[in-house]
Amino acid sequence: MQKYNFSAIEKKWQRMWKKKKIYEPDLKKAKKPFYNLMMFPYPSAEGLHVGNMYAFTGSDIYGRFKRMQGYDVFEPIGLDGFGIHSENYALKLGAHPLAQSKVSEKRFYKQLEMVGNGFAWNERLETYDPGYYKWTQWLFVQMWKHGLAYRKKQAVNWCPSCKTVLADEQVITKSKIKNQSSKLQNGTREEMISVCERCETTVIKKELEQWFFRITKYAERLLENLEKIDWSEKVKIAQRNWIGRSIGAEIEFPLRYSAQNDAELTRKNAEINRLVGQRNSASSQRDSATLTSVKVFTTRPDTLFGATYLVLAPEHAAISNFKFQISNYDEVEKYIATAKKKSDEERIENKEKTGVELKGVKAVNPANKEELPIFVADYVLSGYGTGAIMAVPSHDSRDFDFARKFKLPIREVVIPDASNSKFQIPNVQINPNNQNSKTAEFYEGDGVLINSGKFDGMDSEKAKWEITKFVGGKRTTQFRLRDWLISRQRYWGPPIPIIYCRTCWELSISNFQFPNNSDQSNERERKLEYGVHYTVLDGKEYMIHPVPEEDLPVILPMVDDFRPQGKGESPLASVREFYETKCPVCGGAARRETDVSDTFLDSAWYYIGFLAKTSNFKFEILNLKFRDIAERWLPVSMYIGGAEHSVLHLLYVRFIALALRDMQLLDFPSATGEPFPKFRAHGLLIKDGMKMSKSKGNVVNPDEYIKKFGADAFRMYLMFLAPFEQGGDFREQGILGIERFLTRVRKLVEASLDKKKPMRPESKSAAPHKTPDNFKSAIHRTIKKVTEDIETLHYNTAVSALMILLNEAEAQAETIHLPRYFYEVFLKLLAPFAPYLAEELWSRMGEKRSIHRAAWPTYNPKMLVAETFPLVVQVSGKYKATVDAPRDIGEAEARALALRNPAVAKAIGETKPKRIIFVKNRIINFAL
RNA sequence: GGGGAUGUGGCGAAAUUGGCAGACGCGCACGCUUCAGGGGCGUGUGAGGCAACUCAUGUGGGUUCAAGUCCCACCAUCCCCACCA
C-alpha cells in the first residue's frame with residue numbers, strides 16, 4: 001500500500017481553499033446567509049486545548065453540512081485575548097501581555113488552521129486590537145448615555161490573589177471535606193467556601209466604588225424570551241434559576257419606640273437634622289420619616305399572622321438611622337462590623353444563626369397590631385428584596401432556626417389541608433407565645449389558614465393576596481439577578497472610557513436646585529435621578545463625563561509594571577500620563593477612570609464585530625453599510641459553545657443585544673431581539689474518567705495527534721467517541737479504528753480509479769455493472785441517516801452509518817464494479833468529517849470544483865426500503881425465529897410464512913393461539 | 001437544602017421511541033498472510049451450559065402479547081446553584 005502523506009495533502013488543500021475563497025461568503029450579497037458561530041477561545045494556556053478542538057470541529061461539521069446544502073455559510077474565528085486569564089498567563093511567564101498576545105496569536109491561528117475548519121479568516125478579530133476595543137468602549141459610552149451604566153459603592157467580591165473585584169458569577173462555591181475523623185464521627189461533613197473561579201483563592205468582601213451595568217432592568221425580558229428561543233434545555237433552566245423571579249408582597253411594618261427614649265429622641269433627632277440638613281432642609285424631614293416604618297419583602301404574605309419578629313440585614317440603611325433610638329447601639333454596631341468583615345466563607349460555613357436585637361425599637365405587625373422585636377442578623381441579605389424580612393418561624397426553616405436559638409415565639413398559621421391525605425399534619429405547637437423546643441417543627445407547604453383572625457380557613461394561595469390587600473401591601477416581583485459589576489482593577493483590558501472632572505462638579509452643584517416635591521430618599525440617588533452624575537474620589541466629588549465618541553479609543557498605555565496593585569486600584573492609577581487628561585466639557589484638568597472593563601464585555605458583542613470588520617484594524621458599526629450586513633446576517637443561525645457559559649457569557653450577550661436594540665443601535669429581523677435563537681451546548685471531553693487538567697497530567701495535546709494521524713482522523717475520532725452534546729472519554733486507542741476506516745476508504749476509491757486492476761477471478765460470473773437493489777437502498781438509507789444525524793448533532797452515529805456503508809461497499813466490490821454514484825455520495829457524506837481526504841479523493845476522481853461546495857446528496861424515499869425485511873416471529877412473547885418476508889405483506893401471509901418455520905411450528909405444536917399480534921414490516925407474535 | 005442530569009458487555013457507546021438488547025468502533029482470542037517491533041485479512045467475542053435452553057440494560061414492584069424504553073418506590077454517581085425570605 002502506498003503511503004499517504006496527509007500533512008502534505010492538508011497543506012495543499014489549505015492553500016487551495018484560501019486561494020479559491022471556499023469559506024469566504026460575500027457578506028454584502030450572500031443570498032442564503034447562514035451564520036455558523038462557535039464561541040471563540042481565549043488564548044491562555046499553552047496553545048489550543050483538545051476541548052477547543054472538539055467544540056470547533058463539531059461546529060465546523062455543521063457549517064460544512066449547511067454549506068453543501070447551498071447556504072452561504074459564515075464561520076468566523078477570533079481570540080478573546082483581553083482579560084485576567086491572559087494577563088495571569090503572561091504574569092506566570094514573566095512576559096508582557098501585549099508581547100505574549102502576539103505569540104499566542106500566531107500559535108493559536110496555526111493550530112486552528114491545522115484542524116481543517118472552514119473558517120472565514122479575513123474576518124478574524126482579537127479583542128485587544130484597538131480597532132476592536134474602540135467599539136467595546138463605544139458600547140460602554142452608549143450604556144452610560146442610556147442610563148444603563150452607573151457607579152455605586154458596594155461590598156463586592158474581592159480576590160486577594162488576583163487583586164481585583166469579581167462579579168458574582170465569577171465566584172464559585174467549593175466544598176471541601178473536613179478531616180477524616182470528623183467524617184467518621186458525623187458522617188460526611190462538608191465545608192463550603194467561596195473562591196475565585198480562576199485561582200481558587202478564598203474571596204473576601206470589600207467596599208469599593210464600582211461600575212455596574214443595569215442588567216436587572218432586563219430581568220423580566222431575559223426570562224420571558226427564554227420561552228421563545230431554541231436552546232439546550234439545561235442552559236435555559238440554569239438561566240431561569242440565575243434570574244430567579246419570585247412573586248410576593250412588600251409589606252410595611254410601622255415602628256414604635258420605648259417611652260423612656262422619647263425625650264432623648266427629640267434631642268437626638270434635632271442633632272440628625274443639624275448633621276444632615278445643612279444642604280437641604282427637605283432631606284432631614286425625609287430622613288426622620290424613614291424611621292417610622294420598615295418595609296419587608298415576602299413570598300408568603302399568607303403567613304403574616306405568624307410573623308413574630310423582624311430581621312434586618314447588617315447593611316440595612318435604617319439601622320444607622322435608628323442610631324439614637326437603639327439603646328444597645330454599641331452592641332449592634334459591633335455585630336455589624338463583624339458581619340461585614342466576615343467573608344462569604346464564614347457566613348456560609350457557619351450555618352448557626354447569629355444576630356442582635358435592636359433594643360428600644362419595636363415593629364407593629366399590620367395584620368394583628370402585635371408589637372414585634374427587631375433583630376439585625378447576617379442571614380438576611382442586603383442585596384435582595386428590601387434587605388429586611390418578617391420572620392415566620394413556623395413556616396420557614398431559617399426563621400425557625402433563629403427563633404429556636406433566640407427563644408422567640410413560634411406560631412403556626414398554615415396547616416396542610418386535612419382532607420388531603422398526602423400531607424401529614426406536622427407536630428407543631430399551636431400555643432401562640434410559647435414554643436416547645438422539643439417537638440416544634442416548621443411547615444413550608446401550602447394549606448389552610450389558622451390563627452389568622454378573619455382569614456381562618458382560607459386557602460393559603462388565596463390568602464396571600466387577600467392579606468396583602470388587608471394590610472395595604474403591594475404585590476411585587478423580585479429577582480435574584482444582580483446588576484453586572486463591570487469594572488476590574490487590572491491592566492489587560494479596555495480602559496473604561498470615562499473622565500472625572502472636579503471643576504464641572506463645583507459649577508453644577510453651586511446652581512443646582514432640587515425640585516421641591518421630589519422623592520427624597522437617598523441624597524445621592526436623588527442627584528443621579530436629576531442628572532447630576534458624580535462620584536467620590538479621595539473624599540471629593542467629581543462630575544462624570546463619558547469620553548466623546550470621536551476621542552475613542554482610549555488606548556491602553558504600554559506599561560512596564562502591569563502587575564495588580566492590591567489597593568483596589570488598577571495599575572493604570574499609577575500612570576500619570578494616562579490618568580491626567582482634559583475635561584471634554586470644561587476643558588480644565590481632569591482625571592480618567594483607571595479601571596478596565598470585564599472581559600465578558602469584550603465577548604458580549606464579538607459576533608457583531610465579525611460582521612463589522614471591514615479591513616484590518618477597522619470596524620464599522622454605525623454606518624449604513626453595516627446595517628445592511630447586520631440585517632442580512634443576524635440573528636446568528638447556529639451558536640455552539642460550552643455549557644460552562646450558561647449564566648455568564650450567554651446572559652450578558654443577550655442583555656447587550658437587547659439593550660443595543662432598545663437604543664436603536666442594532667437592528668435585525670427578529671420578534672424578540674435575541675441574538676442567538678438557536679444554541680447548542682457541546683459536552684465536556686474528559687480523559688480517563690477525569691476532567692483534563694495540567695495538575696493531573698492528563699491534558700491531551702492535539703498537535704501530536706494531528707501530526708501522527710492527520711487532522712481528518714483526529715477530527716473524526718473526536719466526533720465518533722460519544723454524542724457531541726454529551727461529551728466523553730478521550731481514549732488514544734480509539735483513533736486507530738478511524739485511521740483504519742479512512743485507509744480503507746482511500747483504498748476502495750483508489751482501486752476504482754485503477755482501471756488495470758482485474759476483478760477477482762471467482763467473481764467473473766457475476767454481472768459486474770449491475771448494482772443490486774439492496775445496495776442502492778443502503779446508499780439511500782445512509783444519506784438519510786447521515787443527513788438527519790448531522791442536523792441533530794448526532795455525529796457519532798453518522799460516522800457509524802458511514803462505516804456500515806463502507807463495510808457493505810467492500811463486500812459488494814468483491815463481485816461488482818461499484819457505480820460512480822456510490823463514490824460521489826460517499827465522499828460527500830464524508831466531507832464534513834474528513835475534509836482533506838474527501839477533497840483529495842474527489843479531485844483524483846476528476847472533479848474540478850471543491851467537494852465542499854458540491855451539492856449535498858438527497859435520497860429517494862422510495863429507495864429507502866429493501867424489498868424484503870426480516871420478520872421477527874415470537875411465540876408468547878419469546879423470540880423464536882427470523883424469516884425473510886416480502887415488504888408490506890399482510891397478517892395472513894405473514895402467519896403462513898411464520899408457521900412454515902420449523903422452530904416456530906415446534907414451539908406452537910398443537911395448541912391453537914389465543915391471539916396473534918401482527919405489526920406490519922416488523923413482528924408477528926403468537927400468544928398461546 | 002433547591003435544580004438538572006446519568007446508570008446498558010472488558011471499554012466508548014447503539015437501539016426506527018413499546019417490537020431480535022449490545023449496531024458501529026476499541027480491546028481481546030484464534031487463524032491466515034515470505035507478516036520484524038501498535039502492518040493487512042478472516043473468524044469469534046454479554047454471562048452460564050456439550051446442548052436445546054436459561055439468565056441479562058443500577059435495585060424492587062407494576063402495566064402490556066411484548067419494557068432499556070411507560071408508571072410507582074428506592075439506591076448510586078456526576079454537574080450546577082445555594083441563608084434569595
Side-chain angles (χ1 to χ4, degrees), chain A residues 1 169 172-173 175 192 194 233-238 240-242 244-246 248 296-301 303 311 313 344 347-348 350-351 353 377-381 383-392 395-399 401-402 444 478-482 643-644 646-647 684 686 689 691 717 720-723 726 728-741 743-744 747 781 784-785 788 794 796-804 806-807 870-882 903 906 913-919 921-928:
Chain A
M1 184 182 59
E169 289 87 334
I172 54 176
T173 339
S175 67
M192 308 303 286
S194 294
E233 198 51 37
K234 56 179 177 181
V235 175
K236 285 198 201 180
I237 289 164
R240 244 176 244 135
N241 290 342
W242 192 263
R245 176 170 60 190
S246 24
V296 307
F297 173 75
T298 176
T299 54
R300 294 296 303 272
T303 63
V311 188
D344 274 0
R347 283 205 193 185
I348 293 167
N350 199 350
K351 286 267 181 185
K353 300 278 185 292
D378 66 7
Y379 83 92
V380 172
L381 308 174
Y384 186 77
T386 60
I389 62 153
M390 65 179 210
V392 186
H395 302 290
D396 182 283
S397 66
R398 297 151 301 181
D399 298 343
D401 290 346
F402 191 84
E444 292 183 323
Q478 282 294 334
F479 293 94
R480 302 181 41 166
L481 185 70
R482 307 293 156 83
E644 70 273 19
S646 296
V647 288
L684 201 66
I686 56 171
K691 218 169 150 173
Y717 171 62
F720 182 60
L721 60 81
Q726 181 189 304
D729 207 346
F730 182 94
R731 279 168 54 262
E732 190 170 328
Q733 290 283 14
I735 202 166
L736 297 173
I738 299 291
E739 192 193 26
R740 287 199 265 267
F741 166 78
T743 307
R744 281 163 55 205
K747 279 162 76 178
R781 278 201 308 273
K784 181 172 194 280
K785 176 83 178 146
E788 289 172 358
H794 292 147
N796 58 331
T797 47
V799 173
S800 142
L802 288 172
M803 288 171 167
I804 293 169
L806 179 69
N807 291 346
L871 175 70
V872 173
V873 187
Q874 294 181 340
V875 176
S876 295
K878 296 280 179 201
Y879 169 80
K880 287 296 166 210
T882 307
K906 190 186 153 211
K914 262 192 289 205
R915 211 178 131 194
I916 295 170
I917 294 100
F918 174 69
V919 181
N921 290 333
R922 200 157 292 168
I923 198 167
I924 185 160
N925 183 4
F926 298 88
L928 299 184

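Throughout, a chain's letter reflects where its sequence line sits, starting with A, and its residues are numbered from 1.
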Dump the pairs, protein N or O against N or O of nucleotides 27-31 of chain B, anything under 3.5 Å, distances to one decimal.
residue: G27(B); atom: OP1; partner: Gln733(A); partner atom: OE1; Å: 3.3
residue: G27(B); atom: OP2; partner: Arg740(A); partner atom: NH2; Å: 2.9

Any N/O pairs under 3.5 Å between the protein and nucleotides 63-69 of chain B? List them or say none.
residue: C65(B); atom: OP1; partner: Arg915(A); partner atom: NH1; Å: 3.0
residue: C65(B); atom: O2; partner: Asn925(A); partner atom: ND2; Å: 2.3

Quiz item: Can you give the dot-bracket line for RNA chain B, using ( ) for pairs inside the strand, [ ] for pairs that cross earlier ones, | for pairs with another strand and . for unpaired bases, where Watson-Crick and G-U count if both distances are under 3.5 Å?
Solution: (((((((..(((......[....)))(((((((.....)))))))(((....)))..(((((..]....))))))))))))....

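Checking C24(B), A85(B), C20(B) against the side-chain heavy atoms of Val380(A) singles out A85(B) as nearest. With distances taken from any side-chain atom of Arg480(A) to the nucleotides C24(B), C41(B), C81(B), the minimum falls on C81(B). In the set C20(B), G19(B), A23(B), G19(B) carries the atom at the smallest distance from any side-chain atom of Arg922(A). Residue Phe720(A) places its side chain closer to G25(B) than to any other of G25(B), G40(B), C20(B).
To the nearest whole angstrom, the two C1' atoms, one in C65(B) and one in G18(B), are 12 Å apart. Between the P atoms of A13(B) and G62(B), the separation comes to 32 Å (whole Å). Remark: the separation of the C1' atoms in A23(B) and C74(B) is 32 Å, to the nearest Å. On the P atoms, G19(B) is 11 Å away from A67(B), given to the nearest whole Å. When the P atom is compared between A21(B) and U16(B), the two are found 14 Å apart, to the nearest whole Å. G22(B) and U45(B): their C1' atoms are spaced 12 Å apart (whole Å). Between the C1' atoms of A52(B) and U63(B), the separation comes to 32 Å (whole Å). Between U33(B) and C26(B), the two C1' atoms lie 23 Å apart (nearest whole Å).
Looking at heavy-atom distances under 4.0 Å, Ile389(A) makes contact with a base. No contact: Arg245(A) has no heavy atom under 4.0 Å from any strand. Here Ser246(A) lies in heavy-atom contact (under 4.0 Å) with sugar-phosphate atoms only. As judged by a 4.0 angstrom heavy-atom cut-off over every strand, Pro870(A) is placed among the base-contacting residues. Contact annotation for Ile923(A): base contact, defined as any heavy-atom pair under 4.0 Å involving a base atom.
One atom, CZ of Arg744(A), and another, P of G39(B), lie 15 Å apart when rounded to the nearest Å. Taking atom CD1 of residue Ile924(A) and atom P of nucleotide C20(B), one finds them 15 Å apart after rounding to whole Å. One can place OH of Tyr379(A) at 20 Å from P of A82(B), the figure rounded to the nearest angstrom. Distance, Tyr717(A) OH to G38(B) P: 20 Å, rounded to whole Å. Rounding to whole angstrom units, NE2 of residue His794(A) and C1' of A13(B) are separated by 13 Å. One interatomic measurement links the two molecules: CD1 of Ile735(A) to C1' of G12(B), which rounds to 14 Å at whole-angstrom precision. If you take CG of Asn241(A) and C1' of C79(B), they are 13 Å apart, rounded to a whole angstrom. The interatomic distance linking Leu806(A) (CG) with A23(B) (P) rounds to 18 Å, in whole Å.
In this model, the phosphate group of A85(B) is approached by a side-chain N or O of Tyr384(A) to a distance below 4.0 Å at OP1 or OP2. In this structure, Thr797(A) does not reach the A23(B) phosphate: none of its side-chain N or O atoms is under 4.0 Å from OP1 or OP2. Proximity of Asn796(A) to the phosphate of A14(B): a side-chain N or O atom is located under 4.0 Å from OP1 or OP2. Side-chain N/O atoms of Asn807(A) include one lying less than 4.0 angstrom from OP1 or OP2 on G25(B). The side chain of Gln726(A) places an N or O atom within less than 4.0 Å of a non-bridging phosphate oxygen (OP1 or OP2) of A13(B).
G9(B) adopts a syn glycosidic conformation, its chi angle falling within 90° of 0. In U34(B) the O4'-C1'-N dihedral to the base is more than 90° from 0, which defines an anti nucleotide.
Taking 4.5 Å as the limit, some side-chain heavy atom of Val873(A) sits within range of a side-chain heavy atom of Phe926(A). Taking 4.5 Å as the limit, every side-chain heavy atom of Leu721(A) sits out of range of all side-chain heavy atoms of Arg731(A). Using a 4.5 Å cut-off on side-chain heavy atoms (C-beta onward), Thr303(A) and Asp396(A) make no contact. Within the 4.5 Å cutoff, the side chain of Asn807(A) has heavy atoms near those of the Arg744(A) side chain. Side-chain contact check for Ile916(A) versus Ile924(A): some heavy-atom pair is nearer than 4.5 Å.
Closest heavy-atom contact between Ser246(A) and Thr299(A): CB-CG2, 3.9 Å. Taking every heavy atom of both residues into account, Val311(A) and Ala377(A) meet most closely at CG1-CB, 3.6 Å. Closest heavy-atom contact between Lys785(A) and Ala801(A): CG-CB, 3.6 Å. In terms of heavy atoms, Val296(A) sits closest to Thr386(A) at CA-OG1, 3.3 Å.
For Lys353(A) and C83(B), a side-chain-to-base donor-acceptor distance below 3.5 Å is present, hydrogens and geometry of angles not being considered.
Projected onto RNA chain B by closest heavy-atom contact, Phe297(A) and Glu732(A) fall at different nucleotides, the more 5' of which corresponds to Glu732(A). Nearer the 5' end of RNA chain B, as judged by each residue's closest nucleotide, is the contact made by Met803(A), out of Met803(A) and Met390(A).
Here NE2 of His395(A) is found 11.5 Å from OG1 of Thr298(A). Values are rounded to the nearest 0.5 Å. Here the straight-line distance linking atom CZ of Phe720(A) with atom OG1 of Thr797(A) works out to 9.5 Å at 0.5 Å rounding. In this structure, CD1 in Ile389(A) is found 13.5 Å from CZ in Arg300(A), a value given to the nearest 0.5 Å.
Tyr379(A) and Phe402(A) have tilted rings, their planes meeting at an angle from 30° to 60° on a 0 to 90° scale.
Heavy-atom neighbours of Lys234(A) NZ from other residues, nucleotides or ligands within 6.0 Å: at or below the threshold of 12.
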Practice problem: Would you please test Glu444(A) and Val392(A) for side chain to side chain contact (heavy atoms under 4.5 Å, CB included) and show each step? | Solution: CA-CA 10 Å; Glu444(A) 292 183 323; Val392(A) 186; over 6 Å; no

